[in-house]
Enquirer: 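Before anything else, here's the structure in question.
Chain letters run A, B, ... following the sequence lines, proteins first, then strands; residues in each count from 1.
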Amino acid sequence: MIRTRFAPSPTGYLHIGGVRTALFNWLLTHRHGGKFILRIDDTDTERNRPEALQPILDGFRWLGLNWDEGPEIGGPCAPYFQSQRSERYTVAAMQLLETGDAYPDYMTKEELEADRKAAEAAKRPYIHRGPHRHTPASECVRLYREKPTTLRFKIPLGQESIVEDLICGHCVQKTDLIGDPVILRVDGRPLYNFASVIDDVDMKITHVIRAREHLSNTYVQVPMFAALGAELPKFGHVPVINEPNSNKKLSKRDMKKFLTPEIRAKLHAIGWTDEQIESRDDLNPVTVAFYREMGYLPAAVVNYLGRLGWSLDDKTEFIPLDQMIANFGLERVNDSPARFDPDKLYWLAGEYMKLLPMPEKVQGCIPFLRRAGMIADPPSPAELVKLGRVLEASGDRIKLFSDVLIYGGPFFRNDPIYDEKAVTKKLKKAGAADVLRGFVPRLQAAEQFDAPALEKLLHDYCAEKNLKAGDLVHPLRVAVTGVEVGIGLFDTLAILGREETLRRIDMGLKLG
RNA sequence: GCCCCCAUCGUCUAGAGGCCUAGGACAUAGCCCUCUCAAGGCUAAGACAGGGGUUCGAAUCCCCUUGGGGGUACCA
C-alpha cells in the first residue's frame with residue numbers, strides 16, 4: 001500500500017502550483033489505493049502564520065481532495081504538525097550525533113558569511129564543513145551536552161547521491177559538492193531538510209511527490225535516510241508552475257501583484273467591496289480561493305490542474321476525476337515547467353457547467369444572488385421558480401455561478417439598470433420608439449404569454465409592418481432589461497410576465 | 001561564481017528513429033447559424049531554440065552552444 005503526503009507550510013496562502021502537487025499525490029494514492037497524508041511544515045516559527053492554515057484546509061475540502069491522515073482528523077502517526085514533533089527530531093538528531101553522522105558546529109553566522117564571501121570571490125563553490133567534522137562521536141556528544149549549538153549532518157564524502165526520480169529519471173550529485181547541512185538550529189528547532197526526512201520515515205511515506213525545486217534537497221536527504229538506516233522512498237519531482245505570461249515560478253510571496261485592476265473589477269461586479277478584497281489576501285487569480293469565490297466548479301479546477309503537466313493521451317482535455325484516477329501515472333507527467341493559463345481553466349469551467357444538473361446549478365447560484373442582495377435568505381419559493389426558469393433559459397451562457405448576476409440580474413432587480421450606450425444605440429435610434437410603442441397593444445392583447453407565442457406574435461407584427469425582427473427585438477430588449485446582451489428575448493418576456501414587461505417598456509419609452 | 005534541472009504553435013500538450021506535409025485543445029481571426037450574447041458547425045494562421053554528430057533515415061539518440069528555471073540559508 002502506498003503512502004503519499006503533501007506538506008504545506010502555513011507561511012502564506014496556498015497557490016495553484018502547490019495544489020497541483022497535492023493533486024498529483026492524491027491521484028497517485030487513489031490510483032493505487034493507499035493513504036494521502038497532510039502534514040503541516042510549520043517549523044519556521046518566524047514566518048509561520050497560524051491563520052493561513054484554515055484557508056488551505058478549506059481549499060482542499062472544496063476541491064474534494066480529502067486527506068486520510070492529518071490536521072483535524074489525526075491518524076496513527078499523529079501529531080501531523082511539525083511544531084508538535086520537536087521531541088522526535090531531537091531524539092533522531094541525538095541518534096545521529098551518537099553514531100557519528102552529525103556533529104556540533106560552533107561557527108557563528110558572521111564567520112560562515114565571511115567564508116561564503118571568500119569562496120565566491122575565489123569563484124569556487126562554497127561547501128561548509130565544520131571543524132568538529134572529524135572529532136570522535138563520543139567527544140561530539142560531550143561537547144553538545146555541555147554547550148548546545150547548531151548540529152550539522154555529516155555528508156559522506158567521495159560518493160554520489162543518486163535519485164532515481166519517477167519523473168526526472170536518473171539524477172546524480174557528487175556528495176563532495178554538498179555542504180554539511182544544519183539539522184538543528186541553536187535553539188533546537190529542526191530545519192526542513194531534516195524534519196522532512198524524519199517525518200517521511202516515521203509516517204512510512206512510500207512516494208515523495210513534490211515540486212522540482214526540492215530536487216537539490218533530495219541529494220542532501222538521500223544520505224540522511226541511509227544514516228538513519230531507513231528505506232529510501234520513491235521520489236517524483238514535478239516541474240514548477242510558472243506565473244501567467246511569465247517564466248518565473250509561481251511563488252507565494254508577492255501574490256498581491258496578480259490582483260490586477262481587471263481582476264478587481266471582476267470581484268466588484270459580483271458584489272465585493274474594496275475593503276472586503278483587501279481583507280482577503282488570498283483573493284487573487286493564482287489561488288484556489290479566488291476560483292471558488294468567482295463561482296468556478298471545483299471539478300473544472302481539478303481537471304485543469306491535473307492536465308497541467310500531465311496528459312491522458314494526444315487529445316483528451318475533459319477528464320473527470322474518476323477517469324483521471326483510473327489513468328493517472330507519473331510516467332506521463334511532463335518533464336518541463338508549465339505556465340498557468342486562466343483562459344483554459346475558464347473554458348473548462350464552462351464545459352463542466354454544461355453538464356451540471358439543474359438543481360445543483362440553482363443551489364450554486366443562490367449565494368451569488370444573495371451576496372448581491374437580489375434574493376431573500378432563504379430564497380422564497382417564487383424566487384426559486386424564477387431562478388430555475390432563468391437558468392433554464394440561460395443555457396450554456398452560464399459558465400461560472402457568478403454569471404447568474406449577468407443573465408439573471410435583470411430579473412431579480414425591481415427596475416432595469418439602463419445602460420446609457422445601449423439606450424442611445426437601440427432605444428433612441430430613429431423610429432425605434434414608435435416601433436416599440438406600436439407593439440404594445442399586441443402584447444396587451446396576446447392570448448398566451450409564453451416564449452413560442454410571443455415569438456409568433458413578434459414575427460407576425462414585423463411581417464405586417466414590413467420590419468426586420470431586429471428592428472423591434474433590439475429596442476424591446478433594452479427597454480425591458482436595460483442592456484443589449486442577455487438570454488433569448490422571448491424567454492425574457494415570458495419570465496418577466498405581461499404586467500412587468502409592459503411596465504418596463506413604459507419605463508424604456510420614457511427614456512427615449 | 002558553483003551545482004542541479006529543463007527546452008515542440010502565444011499557452012497546455014501528443015510525439016519512445018520511419019506512421020510527421022509534426023496531431024489535439026485553449027486563445028486569436030474569418031465564415032455559417034442567429035433577436036443580442038453564449039453555445040454549436042466549418043475554415044485559417046501558428047511550433048520541433050541553434051550548431052555539430054550517430055543513422056539509409058532524427059522532433060525523437062549523443063555532444064556543444066544558447067536560452068530559461070531551480071538550488072546554493074540556523075526558509076520551506
Enquirer: Taking NZ, NE, NH1 and NH2 as the nitrogens, is one of them in Arg339(A) or Glu243(A) under 4.0 Å from a carboxylate oxygen of the other?
Expert: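 No salt bridge links Arg339(A) with Glu243(A).
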Enquirer: Kindly indicate whether the side chain of Phe194(A), heavy atoms from C-beta on, has any atom under 4.5 Å from the side chain of Pro181(A).
Expert: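 No. Closest side-chain heavy atoms not under 4.5 Å.
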Enquirer: Salt bridge check, Glu351(A) against Lys354(A): does any charged N sit closer than 4.0 Å to a carboxylate O?
Expert: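 Looking at Lys354(A) and Glu351(A), the cut-off is met.
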Enquirer: Heavy atoms only, 4.0 Å cut-off, all strands: where does Val182(A) land among base, sugar-phosphate and nothing?
Expert: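 Sugar-phosphate: the residue Val182(A), judged by heavy atoms under 4.0 Å, touches backbone atoms but no base.
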Enquirer: With the side chain of Ser216(A) defined as its heavy atoms from C-beta on, choose the nearest nucleotide among rU8(B), rC37(B), rG71(B).
Expert: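 Of all the options, the side chain of Ser216(A) is nearest to rG71(B).
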Enquirer: Need the pair for rA7(B). Rule: Watson-Crick or G-U wobble, both distances under 3.5 Å, any strand; none if unpaired.
Expert: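 Paired with rU66(B).
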Enquirer: Given rG1(B), is OP1 or OP2 found less than 4.0 Å from the side-chain N or O atoms of Lys117(A)?
Expert: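 The answer is no; no side-chain N or O of Lys117(A) sits under 4.0 Å from OP1 or OP2.
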Enquirer: Is there a Watson-Crick or G-U wobble partner for rG1(B) with both distances under 3.5 Å, and which nucleotide is it?
Expert: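 Because both required distances fall under 3.5 Å, rG1(B) counts as paired with rU72(B).
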Enquirer: Round to the nearest Å and state the distance from Glu160(A) atom CD to rC3(B) atom P.
Expert: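 Distance, rounded to whole Å: 14 Å.
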Enquirer: Measure across Glu160(A) and Thr175(A) and return the closest heavy-atom pair with its distance rounded to 0.1 Å.
Expert: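 Looking at all heavy atoms of both residues, the shortest contact is C-CG2, 4.1 Å.
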Enquirer: Between Leu308(A) (CG) and rA14(B) (P), how many Å, whole number?
Expert: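 Taking atom P of rA14(B) as the reference, CG of Leu308(A) is at 12 Å.
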Enquirer: Quick one: the side chain of Glu213(A) and the base of rG69(B), do they pair up donor-acceptor inside 3.5 Å?
Expert: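 It does not, because no donor-acceptor pair links the side chain of Glu213(A) to the base of rG69(B) below 3.5 Å.
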Enquirer: Once you apply a heavy-atom cut-off of 4.0 Å, does Gly488(A) come out as touching a base, just sugar-phosphate, or nothing?
Expert: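 Base contact.
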Enquirer: Could you tell me how far rC4(B) sits from rA29(B) if I compare only their C1' atoms? Round to whole Å.
Expert: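 Taking atom C1' in both rA29(B) and rC4(B), they lie 43 Å apart.
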Enquirer: Using a heavy-atom cut-off of 4.0 Å across all strands, would you classify Ala469(A) as base, sugar-phosphate, or nothing?
Expert: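 Here Ala469(A) touches no strand at all.
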Enquirer: So Asp314(A), base contact, sugar-phosphate only, or nothing? Heavy-atom distance under 4.0 Å.
Expert: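 If one applies the 4.0 Å heavy-atom cut-off, Asp314(A) turns out to touch a base.
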Enquirer: Given the P atoms of rC37(B) and rG10(B), what is the spacing between them in whole Å?
Expert: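 Roughly 30 Å separates the two P atoms.
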Enquirer: So what does Lys468(A) touch, heavy atoms closer than 4.0 Å: a base, only the sugar-phosphate, or nothing?
Expert: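 Here Lys468(A) touches no strand at all.
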Enquirer: Categorize Arg339(A) for me: base, sugar-phosphate, or nothing, with a 4.0 angstrom heavy-atom threshold over every strand shown.
Expert: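 The residue Arg339(A) makes sugar-phosphate contact but no base contact.
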Enquirer: Classify Arg212(A) by what it touches in the nucleic acid, base, sugar-phosphate, or nothing, heavy-atom distance under 4.0 Å.
Expert: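 Contact class for Arg212(A): sugar-phosphate only.
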Enquirer: Under 4.0 Å: is that the gap between some side-chain N or O of Arg116(A) and OP1 or OP2 of rU72(B)?
Expert: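 Looking at the OP1 and OP2 atoms of rU72(B), neither is under 4.0 Å from any side-chain N or O of Arg116(A).
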Enquirer: Starting at the 5' end of RNA chain B, which residue's closest nucleotide do you reach first, Trp347(A) or Leu177(A)?
Expert: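 Between the two, 5'-proximity favours Leu177(A).
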Enquirer: Quick one, Thr492(A) and Leu496(A) - any side-chain contact, counting heavy atoms below 4.5 Å?
Expert: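 Yes; the side chains approach each other to less than 4.5 Å.
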Enquirer: Could you say whether Gly309(A) or Leu191(A) is positioned toward the 5' end of RNA chain B, judged by the nucleotide with the nearest heavy atom to each?
Expert: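 Counting from the 5' end, the first nearest nucleotide belongs to Gly309(A).
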Enquirer: Could you check whether His237(A) gets within reach of a base, just the sugar-phosphate, or nothing at all, counting any heavy atom under 4.0 Å?
Expert: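 Here His237(A) touches no strand at all.
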Enquirer: Under 4.0 Å between any heavy atoms, over every strand shown, what does Arg332(A) touch: base, sugar-phosphate, or nothing? Just pick one.
Expert: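 Touches sugar-phosphate only.
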Enquirer: Mind checking Tyr346(A) for me? I need base, sugar-phosphate or nothing, with any heavy atom below 4.0 Å counting as a touch.
Expert: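 Contact class for Tyr346(A): none.
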Enquirer: Name the pairing partner of rU28(B), where a pair is Watson-Crick or G-U wobble with both distances under 3.5 Å, or state none.
Expert: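 Because both required distances fall under 3.5 Å, rU28(B) counts as paired with rA44(B).
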Enquirer: Any salt bridge linking Lys266(A) with Glu262(A)? Criterion: basic side-chain nitrogen under 4.0 Å from a carboxylate oxygen.
Expert: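 No.
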Enquirer: Could Arg85(A) and Asp202(A) be called an ion pair, given the rule that one side-chain N must be under 4.0 Å from one carboxylate O?
Expert: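 Yes, charged N to carboxylate O under 4.0 Å.
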Enquirer: Tell me: CZ of Arg20(A) to P of rC12(B), nearest whole Å?
Expert: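 Distance check: Arg20(A) CZ to rC12(B) P gives 11 Å.
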Enquirer: Expressed as a whole number of angstroms, how long is the span from Asp41(A):CG to rA73(B):P?
Expert: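 These atoms are roughly 20 Å apart.
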Enquirer: Say you pick atom C1' in rC33(B) and the same atom in rC42(B); how far apart are they, in whole Å?
Expert: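 My reading of the C1' atoms in rC33(B) and rC42(B) gives 11 Å.
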Enquirer: If I take atom CG in residue Asp115(A) and atom P in nucleotide rC2(B), what distance separates them, rounded to the nearest angstrom?
Expert: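 After rounding, the reported distance stands at 19 Å.
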Enquirer: Regarding Gln173(A), tell me which of base, sugar-phosphate or nothing describes its non-hydrogen contacts under 4.0 Å with the strands shown.
Expert: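 If one applies the 4.0 Å heavy-atom cut-off, Gln173(A) turns out to touch the sugar-phosphate alone, with no base involved.
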Enquirer: Are the ring centres of His15(A) and Phe290(A) closer than 6.0 Å?
Expert: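 Centroid distance His15(A)-Phe290(A): not below 6.0 Å, so no.
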Enquirer: Just how far, in rounded Å, is P of rU36(B) from CD of Glu455(A)?
Expert: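 Checked: the CD to P distance equals 12 Å.
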Enquirer: Taking only the side-chain nitrogens and oxygens of Thr43(A), find out if one of them lies under 4.0 Å from OP1 or OP2 of rA76(B).
Expert: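 For rA76(B), OP1/OP2 do have a side-chain N/O of Thr43(A) under 4.0 Å.
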Enquirer: At under 4.0 Å, does any side-chain N or O of Asn334(A) touch on OP1 or OP2 of rA14(B)?
Expert: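 Indeed, a polar side-chain atom of Asn334(A) lies that close.
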Enquirer: Regarding Leu458(A), tell me which of base, sugar-phosphate or nothing describes its non-hydrogen contacts under 4.0 Å with the strands shown.
Expert: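 Nothing, no heavy atom under 4.0 Å.
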Enquirer: For the side chain of Arg477(A), starting at C-beta, report the closest nucleotide among rG1(B), rU36(B), rG24(B).
Expert: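 The answer is rU36(B), which lies nearest to the side chain.
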Enquirer: Could you check whether the side chain of Arg397(A) and the base of rU36(B) have a donor-acceptor pair of N or O atoms closer than 3.5 Å, going by distance alone?
Expert: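 Answer is yes: a donor-acceptor pair is held.
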Enquirer: How far, in whole Å, is rA25(B) from rA45(B) if one measures between their P atoms?
Expert: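 After rounding to an integer number of Å, I get 15 Å for this pair.
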Enquirer: Which nucleotide, rU36(B), rC5(B), rC35(B), lies nearest any side-chain atom of His459(A)?
Expert: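 Comparing rU36(B), rC5(B), rC35(B) against the side chain of His459(A), the answer is rC35(B).
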Enquirer: When you measure only distances, ignoring hydrogens and angles, does the side chain of Asp335(A) come within 3.5 Å of the base of rA7(B) through a donor and an acceptor?
Expert: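 Answer no: no donor N or O sits under 3.5 Å from an acceptor.
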Enquirer: Under 4.0 Å from OP1 or OP2 of rC4(B): is there any side-chain N or O of Lys174(A) that close?
Expert: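 Negative; the distance criterion is not met.
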Enquirer: Which one is paired to rA39(B), where only Watson-Crick or G-U wobble pairs with both distances under 3.5 angstrom count?
Expert: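 With both distances under 3.5 Å required, rA39(B) matches none.
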Enquirer: Look at all strands and tell whether Gly395(A) reaches a base, only sugar-phosphate, or nothing, counting heavy atoms closer than 4.0 Å.
Expert: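 Nothing, no heavy atom under 4.0 Å.
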Enquirer: Answer with yes or no after comparing the ring centroid distance for Phe328(A) and Phe24(A) against a 6.0 Å cut-off, counting only values under it.
Expert: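 Yes, ring centres under 6.0 Å apart.
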Enquirer: Pick the P atom in rG46(B) and in rU55(B), then give their distance to the nearest Å.
Expert: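 It works out to 35 Å between them.
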Enquirer: Under 4.0 Å, heavy atoms only, any strand: does Leu489(A) hit a base, just the sugar-phosphate, or nothing?
Expert: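 Result for Leu489(A) = base.
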Enquirer: Do Tyr80(A) and Asp199(A) pass the side-chain hydrogen bond (donor to acceptor under 3.5 Å, both in side chains) test, and can you show the C-alpha distance, the side-chain angles, and the key distance before you say yes or no?
Expert: CA-CA 9 Å; Tyr80(A) 292 89; Asp199(A) 289 342; over 6 Å; no
Enquirer: If we take the P atom in both rG24(B) and rG41(B), what is their distance in whole Å?
Expert: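 One P to the other, the span is 14 Å.
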Enquirer: When you measure from the side-chain N and O atoms of Ser311(A) to the phosphate of rA14(B), is any distance below 4.0 Å, counting only OP1 and OP2?
Expert: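 For Ser311(A), the contact criterion (side-chain N or O under 4.0 Å from OP1 or OP2 of rA14(B)) is met.
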Enquirer: May I ask you to verify whether the side chain of Arg124(A) and the base of rC2(B) hold a donor-acceptor pair under 3.5 Å?
Expert: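 Answer is no: no donor-acceptor pair is held.
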Enquirer: With both distances kept under 3.5 Å, what pairs with rG18(B), Watson-Crick or G-U wobble?
Expert: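 The base-pairing partner of rG18(B), which may sit in any strand shown, is rC56(B).
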Enquirer: Could you measure between the two P atoms, the one in rA49(B) and the one in rA22(B), and give it in whole Å?
Expert: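 These two P atoms come out 15 Å apart once rounded.
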Enquirer: Round to a whole Å and report the spacing from CG of Leu345(A) to P of rA25(B).
Expert: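 Rounded to whole Å, this separation is 19 Å.
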Enquirer: Would you say the side chain of Lys344(A) and the base of rC12(B) hold a donor-acceptor pair, judged only by whether the two atoms sit under 3.5 Å apart?
Expert: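 A donor-acceptor contact between them is present.
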Enquirer: Please state how far atom CH2 in Trp310(A) lies from atom C1' in rC12(B), giving the value in whole angstrom units.
Expert: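 Taking CH2 of Trp310(A) and C1' of rC12(B), I get 13 Å after rounding.
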Enquirer: Taking the C1' atom of each, how far is rA76(B) from rA7(B), in whole Å?
Expert: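 Roughly 27 Å separates the two C1' atoms.
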